[in-house]
Visitor: 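This is the structure I want to talk about, given as structure tokens.
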Amino acid sequence: MIRVQRDDFDVGAELGRLTGGNTAIGGVCVFVGLVRDMAPADKKGADKVGAMTLEHYPGMTERQLERIDREAHGRWPLEETLIIHRHGRLEPGDRIVLVAAASRHRQAAFDACQFLIDWLKTQAPFWKVEETPEGARWVESRASDDAAAAKWTSTERAATK
Amino acid sequence: MIRVQRDDFDVGAELGRLTGGNTAIGGVCVFVGLVRDMAPADKKGADKVGAMTLEHYPGMTERQLERIDREAHGRWPLEETLIIHRHGRLEPGDRIVLVAAASRHRQAAFDACQFLIDWLKTQAPFWKVEETPEGARWVESRASDDAAAAKWTSTERAATK
Amino acid sequence: MKVLYFAWLREKAGRAEEQVAPPGTVTTVQALIDWIRERGGGPADALGDMAAVRVAVNQEYAMLDHPVKPGDEVAFFPPVTGG
Amino acid sequence: MKVLYFAWLREKAGRAEEQVAPPGTVTTVQALIDWIRERGGGPADALGDMAAVRVAVNQEYAMLDHPVKPGDEVAFFPPVTGG
């Protein structure tokens, strides 16, 4: 299941709903992404430096998340999955994203969860703009995220060569 | 932090406490193990087949969990970790264990979380006895768990050879 | 044809979206980009360096040789930074 | 010396723990096991096949050649199945 929303979410309640009543589940792996404080360590107090706003592409976001979710179910024996991604203005410490994969087997839950966040990071159309002392700054994509996502396609690449 | 307890735990509240106030955290990876229903699929209703009891070795349990926790902090740049393990009688769907690792970096959170559960599974002195229609049955350890834990020692082995 | 701009491309383009009616010879993403560049203004600036731009046609990622036609929704945006 | 048994070893031994005072020649885990076996009864049955038994001395995993002395806590149990 996927959800794109402004509001915060309750991790415990979401997981309870996800796994409740399905006693075939042996484990659930969850990743929760938080807004990290990018402000210099010497800046403290109520400055609220480090807040950010997440813009997204309504319609395409849901479409890409659904696609990633389907792909995970095709690759691993999963009982349940959940992707929640927030948009709008967020402050340091706020939850941004939750991905969860529940399976009979621990390893499938871990692998699928990591796949979901790795792919979401490079495929889902979200953009972060940070509030800095020098003004708004669009966050640049990271090569490490591309590399993390690419590891999931290396087997297919090898297979088609 | 580690905890061994009979009582259930609230995943959302635990994670909130774990990451609250530390805005250096970029993500937290969590694994929650649940009691899987081992009863045949044709058995339904109030039979409560599949319940189990977790026995442990008080004192050694805490000592081994502390050791695993320290080891994770030595291997990865972690901001916070949490291990909660229940004992006593549990029914299908009940939470057994929670391991969580919070870090600036997603990959460290995932790797440490998987390390924690892999090692816990082979090092923490817990034993499951299942209630089956044929009576109590001690769960046997699985070779796959040993293999999962062994992968974390392979680099040291190679280094010392 | 509907064209969308996101993140800093939106700021550079000076608009979030626009309805465009390029000539019938514009049948690919690349041809659409060339047409927008010739037209000039903010959108031309936004698409100045395609190395940093991703394209979606009808909400699916697309390459520069992907076909476009009247009624399509074409979006330009930087590499994504969600999660 | 305190000896503990867990899980099915506890059931087979017929006890969860016992205080034992083996002779001074019992200075290793292996020697303690041999002494328990000679003594007979449930604990001897529990330690019949050490292939399925793990040992801890003072709450740390130990090998069969690990030293034991009066006052130590020695535990015997099957491979763990928690998590």
Side-chain angles (χ1 to χ4, degrees), chain A residues 8-16 18-39 41 44 49-51 79 91-107 109-111 113-115 117-118 120-121 142 144-145 147-148 151, chain B residues 8-16 18-39 41 44 49-51 79 91-107 109-111 113-115 117-118 120-121 142 144-145 147-148 151:
Chain A
D8 192 15
F9 46 84
D10 178 323
V11 178
E14 295 295 346
L15 293 184
L18 189 71
T19 63
N22 183 346
T23 55
I25 296 171
V28 53
C29 183
V30 189
F31 179 81
V32 179
L34 306 173
V35 179
R36 214 167 64 181
D37 191 353
M38 297 298 181
K44 297 209 170 171
V49 184
E79 295 291 328
E91 301 195 351
D94 282 354
R95 282 173 279 271
I96 307 174
V97 62
L98 175 151
V99 298
S103 175
R104 287 174 175 272
H105 305 292
R106 172 166 102 254
Q107 193 61 49
F110 266 100
D111 289 348
C113 186
Q114 181 138 21
F115 169 86
I117 188 68
D118 283 351
L120 181 155
K121 284 247 177 198
R142 296 190 310 167
S144 62
D145 284 335
K151 70 171 183 267
Chain B
D8 193 15
F9 47 84
D10 179 321
V11 178
E14 296 294 346
L15 292 184
L18 188 70
T19 63
N22 183 346
T23 55
I25 296 171
V28 53
C29 182
V30 189
F31 179 82
V32 179
L34 306 172
V35 180
R36 215 168 62 184
D37 192 352
M38 297 298 181
K44 297 207 172 175
V49 184
E79 295 291 327
E91 300 195 353
D94 282 353
R95 282 174 279 271
I96 307 174
V97 63
L98 175 151
V99 297
S103 175
R104 285 173 178 274
H105 305 293
R106 170 167 104 253
Q107 194 60 49
F110 266 101
D111 289 348
C113 186
Q114 182 140 21
F115 169 85
I117 188 69
D118 283 352
L120 181 156
K121 283 248 178 198
R142 295 189 311 168
S144 63
D145 284 334
K151 72 171 178 269

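Chain A is the first sequence line, chain B the second, and so forth, proteins listed ahead of strands; every chain is numbered from 1.
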Visitor: Could you have a look at Val32(A), Ile117(A), Val35(A), Val11(A) and say which one has the most heavy-atom pairs with chain B under 4.5 angstrom?
Guide: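 Looking at each of Val32(A), Ile117(A), Val35(A), Val11(A) in turn, Val32(A) comes out on top.
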Visitor: Side chains of Asn22(A) and Ile25(A): does their closest heavy-atom pair fall under 4.5 Å?
Guide: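 Asn22(A) vs Ile25(A): side chains touch.
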Visitor: Between Ala100(B), Cys29(B), Gly33(B), Gly21(B), which has the largest tally of heavy atom pairs under 4.5 Å with chain A?
Guide: Cys29(B)
Visitor: With only heavy atoms counted, which part of Asp118(B) is less than 4.5 Å from chain A, the side chain, the backbone, both or neither?
Guide: both
Visitor: Show your working on side-chain hydrogen bond (donor to acceptor under 3.5 Å, both in side chains) between Gln114(B) and Gln114(A) and close with a plain yes or no.
Guide: CA-CA 11 Å; Gln114(B) 182 140 21; Gln114(A) 181 138 21; over 6 Å; no
Visitor: Verify the ring-centre separation between Phe110(B) and Phe110(A): is it less than 6.0 angstrom?
Guide: no
Visitor: Side chain from CB out, backbone as N, CA, C, O: work out which of these in Val97(B) comes under 4.5 Å of a heavy atom of chain A, or both, or neither.
Guide: neither
Visitor: At a 4.5 Å cut-off on heavy atoms, which part of Val99(A) comes close to chain B: side chain, backbone, both, or neither?
Guide: neither
Visitor: Where on Leu15(A) is there a heavy atom nearer than 4.5 Å to chain B: the side chain, the backbone, both, or neither?
Guide: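 The answer is the side chain of Leu15(A).
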Visitor: Go through the structure and list residues passing side chain to side chain contact (heavy atoms under 4.5 Å, CB included) with Asp8(A), not counting sequence neighbours.
Guide: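 With sequence neighbours excluded, Asp8(A) shows a side chain to side chain contact (heavy atoms under 4.5 Å, CB included) to Arg86(A), Arg95(A), given in chain and number order.
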Visitor: Between Ser144(B), Ala13(B), Cys113(B), which shows the greatest number of heavy-atom pairs under 4.5 Å with chain A?
Guide: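 Going by pairs under 4.5 Å, I would pick Cys113(B).
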Visitor: Do you know which two heavy atoms are closest between Arg104(B) and Ala24(B), and how far apart they sit?
Guide: CG-O, 3.2 Å
Visitor: Should Asp94(A) and Ile96(A) be marked as a side chain to side chain contact (heavy atoms under 4.5 Å, CB included) after you check the CA-CA gap, both sets of side-chain angles, and the distance that decides it?
Guide: CA-CA 6 Å; Asp94(A) 282 354; Ile96(A) 307 174; 6.0 Å; no
Visitor: Which region of Ala148(A), side chain (C-beta onward) or backbone (N, CA, C, O), has a non-hydrogen atom less than 4.5 Å from a non-hydrogen atom of chain B, or is it both or neither?
Guide: side chain
